[in-house]
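Just so we're on the same page: letters track the sequence lines, and every chain starts at 1. Only this structure's heavy atoms are used, side chains among them; waters, hydrogens and symmetry mates stay out.
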Amino acid sequence: MSTLSYKKLDAYSTSGDLPDKMSVFQKCLQEFNASPINAKKCRQLLAMLLRLIYNGQAFPSQESTTLFFSISKLFQHKDESLRQLVYLTTKELAATSQDILMVTASIMKDIQQGDMIYKPNAIRTLSKILDATTVSASERLLKNAIVDKNPIISSSALISSYHLLPIAKDVVKRLTNETLETIQSTKYFPPNQYQLHDYYATNNTNLPSTSFMYQYHALGLIYHLRKHDKMALMKLITSLSENNSSSLKNSLAVIQLIRYINRILADDEGMINVLYPILSSFLKHKSDMVELEACKTLIGYQHLLKDDQFMQIIGTLQKLSSVPRTATRFAAIRLINRIAFKHPEKIMVVSTELEDLIEDSNRSISTLAITTLLKTMGAGSIESSSGVDGGENVDRLIAKMTSLMDEITEDFKIVIIEAIENLALKFPSKYKRLVKFLNDLLRDDGTLELKTSIVGALFDLLKFLPDAEAKELILMNMCEFIEDCEFTELTVRILFTLGEEGPLTSKPSYYIRHIYNRLVLENAIIRSAAVVSLSKFAIQCGGEVSDNIRILLTRCLNDSDDEVRDRAALAVKFLDSKQKKLLVADTQFDLGALERKLTNYLNDEANFNVQFDISEIPIITKEELKSLEYQKKINRLDQPVHETVSDEEIGDNNNKKNKSTESGENSDSATNELLKQQEYANELSTIPEIAEYGILTKSSSTPIYLTEKENEFVVNVVKHWFIDSGKLVLQYNITNTLPRSVLEDITVIVQSDNESYVEEFVIPLDKLGPDQTGTVYVSFSIPSITEEDSDILCAFGNTVAYTNKDIVDDDGTVDSEGWSDEYQIDDLEVEAGDFITPLYNSNFTSVFDQLPNAVTSVVAVSNCRTIENAVTKLKTILNMMPLDGSDFVSSDTKNHQLRLLGKDTWGGKVASQIRLAETGGKVVAKFEVRSETSNLGTYILNGSF
Amino acid sequence: MGQSFSGIFNRLWGVNKEIRILILGLDGAGKTTILYRLQLGTVVTTKPTIGFNVETLKYNNLTLNIWDLGGQTSIRPYWRCYYNNTAGIIFVVDSTDRERMDVACQELHTMLKEEELQESALLVFANKQDQPKAMTAAEVSKVLDLTELKDRSWSIVASSAIKGEGLTEGLDWLMDVIKDEQLQ
């Protein structure tokens with residue numbers, strides 16, 4: 001980055017130009033080499049040098065080295081401030097100059113017996129100049145500095161050790177005891193009250209002695225030393241939180257502790273029983289940051305908490321939402337909002353506070369309050385069947401929102417619109433008022449962006465609301481809107497949607513009139529869209545309507561614009577020849593796959609000899625497209641903030657990479673599922689044996705881990721189904737995490753417990769070095785579902801067999817002698833869900849009633865304490881889509897009905913209606929499964945719950 | 001007025017001027033021990049010096065700036081970064097280390113060839129005389145080819161840093177030479 005742009009970005013950059021780099025360089029050499037040294041002049045020069053470096057002016061290696069040596073000569077002077085500046089500069093130059101080891105002895109001497117003023121600087125500089133060969137010499141120094149009574153020295157030693165971790169883990173490990181001692185100690189600076197005045201005169205507010213920051217630093221270091229040892233970590237946590245008021249005084253340290261607890265819980269949710277008391281004790285703390293962090297962590301595990309425990313969190317948040325500090329209020333309302341995603345009924349108790357917050361002067365807070373309240377209303381509606389006045393609540397809130405809408409900026413309006421859409425999707429019964437609100441908003445003035453988001457929301461409601469009445473209401477409103485719409489893009493979109501949905505409504509002529517108006521009044525782009533829209537009405541409505549539209553379209557043949565004329569001519573032609581399919585499409589290509597195929601095709605000219613084969617692109621029916629969109633929508637609305645705990649894995653890059661890809665997978669799973677499928681298909685088709693199997697029907701979307709993620713070998717598996725040719729290919733991804741071993745001839749021995757699954761071949765892996773990942777394929781032939789008495793469910797026992805060879809030296813030479821070994825990994829199960837993909841339909845009941853092959857059964861869902869857990873479990877095992885908002889479980893109910901719909905791999909629909917009841921900590925489920933494919937229902941019921 | 005007089009006076013006698021002295025030699029010769037024996041008057045336990053130690057001390061009304069540079073093979077190349085402005089060199093030899101005498105000799109003569117050190121006086125300490133089988137100063141002088149040196153004031157003194165013998169004699173000689181040179 002050039003200096004100029006750097007300066008522009010830096011809001012704090014001081015006015016005035018930077019001194020000239022070369023002249024500073026020359027002056028430095030001159031002064032630093034002088035004898036005797038003029039301390040004052042040298043200080044000024046060093047400050048100038050630092051300013052240059054901090055502004056991004058780097059010195060090339062050779063100049064930097066020259067500077068470094070001349071600066072090292074300043075060690076002869078005893079001036080403390082000069083020495084501090086020498087350290088600051090050396091620290092900066094350490095990155096660019098050679099031979100920085102030359103100052104080691106001098107620094108070590110300062111750390112041992114230097115003045116307290118520059119000791120911390122010396123320690124910090126030391127960590128920059130040490131390398132793996134010299135670090136052991138500093139061990140004793142660091143030990144002494146960590147336990148130093150002065151908190152600042154202690155802090156700097158801890159941080160330096162932390163920075164030394166990547167180059168000398170063993171040495172830093174030996175500092176564990178000192179670090180532990182420091183966490184629990186109490187250090188003051190200045191050491192006693194009488195000295196206070198020496199340092200700070202009478203002005204003794206905001207003293208550094210009150211910070212206890214070294215505890216935070218010590219905790220960070222000890223965590224990195226112990227993070228792989230769960231027992232030790234637990235011991236640390238319990239010992240530090242025993243009497244939380246006394247041992248950890250620094251609130252940042254407490255927050256860090258809470259985060260570490262969070263990480264333990266993320267690995268093993270079962271620890272919640274041990275850790276909950278600790279976390280709940282932090283709910284009442286003198287620092288609001290700590291309280292917030294504790295709330296945040298607990299909310300992440302809300303499904304494991306009992307009701308009264310939950311109320312405690314809410315109580316804390318309630319208190320925090322009315323403190324004067326804006327940031328705290330905002331954080332509290334955000335957390336409340338997060339609870340509302342899952343359990344809106346639980347925060348009903350704070351609704352008065354929330355309503356007060358709508359009037360908050362901070363708009364971010366008021367907007368969040370509104371979106372949160374919108375969610376609680378949804379929960380209210382569930383109880384409204386028993387006579388609670390949910391409706392009034394909605395009216396009141398909408399009134400409040402309407403008044404607020406005039407005051408807030410558009411960004412906030414868009415957020416609120418999204419929240420309204422979300423509510424309407426999840427709780428369709430509330431749509432009327434919300435649609436009205438959206439329509440009113442649409443009529444007000446606004447930019448394109450705002451209007452687009454409103455129209456987008458209305459479109460989604462149109463697609464996913466089951467009620468025909470709702471659809472017509474929305475369509476009519478849109479017709480009105482385009483009568484007076486200044487945005488061509490929006491009008492075109494609405495016209496398209498009218499063409500899609502309008503013909504299916506009760507009175508298409510209403511819409512036709514509006515569309516025709518466009519044809520008369522608007523510009524060419526809109527006119528051509530209107531022509532297409534009209535033709536759709538004509539082909540679908542038939543009869544008189546069709547004839548009338550044909551007349552309208554014929555008139556368009558005289559339009560002044562080419563495009564309009566062309567489209568009209570085409571439409572008339574198709575209408576006359578009754579080519580319905582050409583006007584209204586039931587299916588479309590998978591656009592993602594199509595794009596990729598086309599790019600591949602165009603990238604290599606050699607391809608041009610062969611025609612592009614469009615039949616390879618999967619075709620998606622409208623229904624499937626809708627399910628995908630719905631899933632995407634719900635996912636997006638449910639997880640607006642995907643919080644990832646940034647895990648600074650020092651020297652553990654590999655791990656980090658894995659993590660980031662994982663989180664990437666989570667965030668856009670629904671969108672990319674098809675793309676990924678395509679990727680697998682491409683990969684598999686490169687293997688000749690598997691390519692013979694033909695088209696890949698389905699792959700399991702996320703790899704299933706068969707080992708712990710920190711084992712010697714990490715194995716995950718993906719199931720690939722080739723239903724047409726009756727094959728199953730298991731793709732075992734094996735990662736070797738042993739740093740000093742090479743694995744050879746790796747294969748997986750798979751034993752199935754179902755005789756119908758017959759192993760055909762194994763494609764083994766030749767060699768796997770440290771930290772490498774490779775793939776073993778195992779292929780099976782599978783039974784057909786249509787045969788009687790066959791069983792498609794199966795469990796596989798897996799063992800990895802390999803030859804282990806040690807790496808004998810640092811060059812990576814491998815010992816020629818190896819030994820063969822086997823490694824048992826977890827079993828893999830074939831579940832009913834493997835044969836099903838989620839499917840969306842807005843009218844579950846009618847689909848359910850039409851399906852043949854009904855099976856019913858009552859089973860107990862194992863390992864589930866609450867209905868909510870059971871719903872999540874069933875959803876994932878069966879891999880079906882919950883409909884009518886039936887995956888939302890109010891926490892206090894004992895009965896629930898779950899409606900799931902899916903499409904099986906043989907192309908038939910499958911629907912299940914499951915009644916769940918909770919008694920005495922057990923969940924019992926009554927299944928009613930209907931499917932197009934016979935036998936499938938039985939397998940669903942046979943699946944292990 | 002009085003101040004400026006004393007300033008001139010001091011400058012005449014070189015009191016206010018710092019005299020830069022380097023202590024060089026192979027690793028383990030006893031350079032750091034000599035430095036602190038001179039400064040603190042006691043024997044300190046030392047570790048191999050990675051880099052350098054620098055101390056200022058008053059000696060007979062003179063301000064000495066003594067640089068003790070590490071003697072390990074890896075650090076020797078950097079000696080030259082500190083040659084500038086050097087009034088005197090103290091070269092320390094481990095008198096018991098007969099095997100590495102030729103290395104010491106080679107390093108000494110390479111160093112003395114440097115342009116920046118042409119005016120500097122050379123004092124050699126034949127150190128570790130307290131040890132049995134130590135070579136005498138004369139023997140060391142011969143092995144190091146000191147007699148070959150032309151145009152340079154040099155002297156060799158048998159010393160023992162542990163016992164504190166020979167150090168002041170050597171330093172006295174060095175101060176005399178430096179004072180003479182500066183008065184000229």
Rounded to the nearest 0.5 Å, what's the gap from [atom1] on [X] to [atom2] on [Y]? Could you check?
X: B:T49; Y: A:M102; atom1: OG1; atom2: CE; value: 10.0 Å
X: A:M108; Y: B:K47; atom1: CE; atom2: NZ; value: 5.5 Å
X: A:S70; Y: B:Y82; atom1: OG; atom2: OH; value: 9.0 Å
X: B:E55; Y: A:F75; atom1: CD; atom2: CZ; value: 12.0 Å

Please check if atom [atom1] in [X] has more than 12 non-hydrogen atoms from other residues, nucleotides or ligands closer than 6.0 Å.
X: A:K143; atom1: NZ; value: yes
X: A:K21; atom1: NZ; value: yes
X: B:R80; atom1: CZ; value: no
X: B:E99; atom1: CD; value: no
X: A:I117; atom1: CD1; value: no
X: B:R98; atom1: CZ; value: yes
X: A:K40; atom1: NZ; value: no
X: B:E119; atom1: CD; value: no

Next on the checklist: Run the side-chain contact (heavy atoms from CB on, under 4.5 Å) test on B:R20 and A:Q76 for me, step by step, so that the C-alpha distance in whole Å, both residues' side-chain angles and the decisive distance to 0.1 Å come before the verdict.
Outcome noted: CA-CA 10 Å; B:R20 239 173 98 86; A:Q76 60 179 296; 4.2 Å; yes
Checklist entry - Which of residues 129-137 of chain A get closer than 4.5 angstrom to chain B, counting heavy atoms alone? => result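 The residues closer than 4.5 Å to chain B, in numerical order, are A:T134, A:A137.
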Item to check | When A:D99, A:I107, A:L101, A:N33 are compared by non-hydrogen pairs under 4.5 Å with chain B, the top option | outcome: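 Most pairs with chain B among the choices: A:D99.
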Checklist entry - Between the side chain of B:T56 and the main-chain N/O of A:H77, is any donor-acceptor distance below 3.5 Å? => result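 Side chain of B:T56 to backbone of A:H77: no pair is present.
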Checklist entry - Of the listed residues (B:N65, B:I75, B:N85), which shares the most heavy-atom pairs with chain A below a 4.5 Å separation? => result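 It is B:N65.
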Checklist entry - Tell me, side chain or backbone of A:K109 under 4.5 Å from chain B's heavy atoms, or both, or neither? => result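 Only the side chain of A:K109 comes within 4.5 Å of chain B.
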Item to check | Nearest non-hydrogen partners of A:S72 and B:F52, listed with the distance | outcome: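 That would be O-CZ, 3.3 Å.
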Item to check | Minimum heavy-atom distance A:K73-B:C81, with the two atoms named | outcome: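 Heavy-atom minimum between the residues: NZ-O, 2.8 Å.
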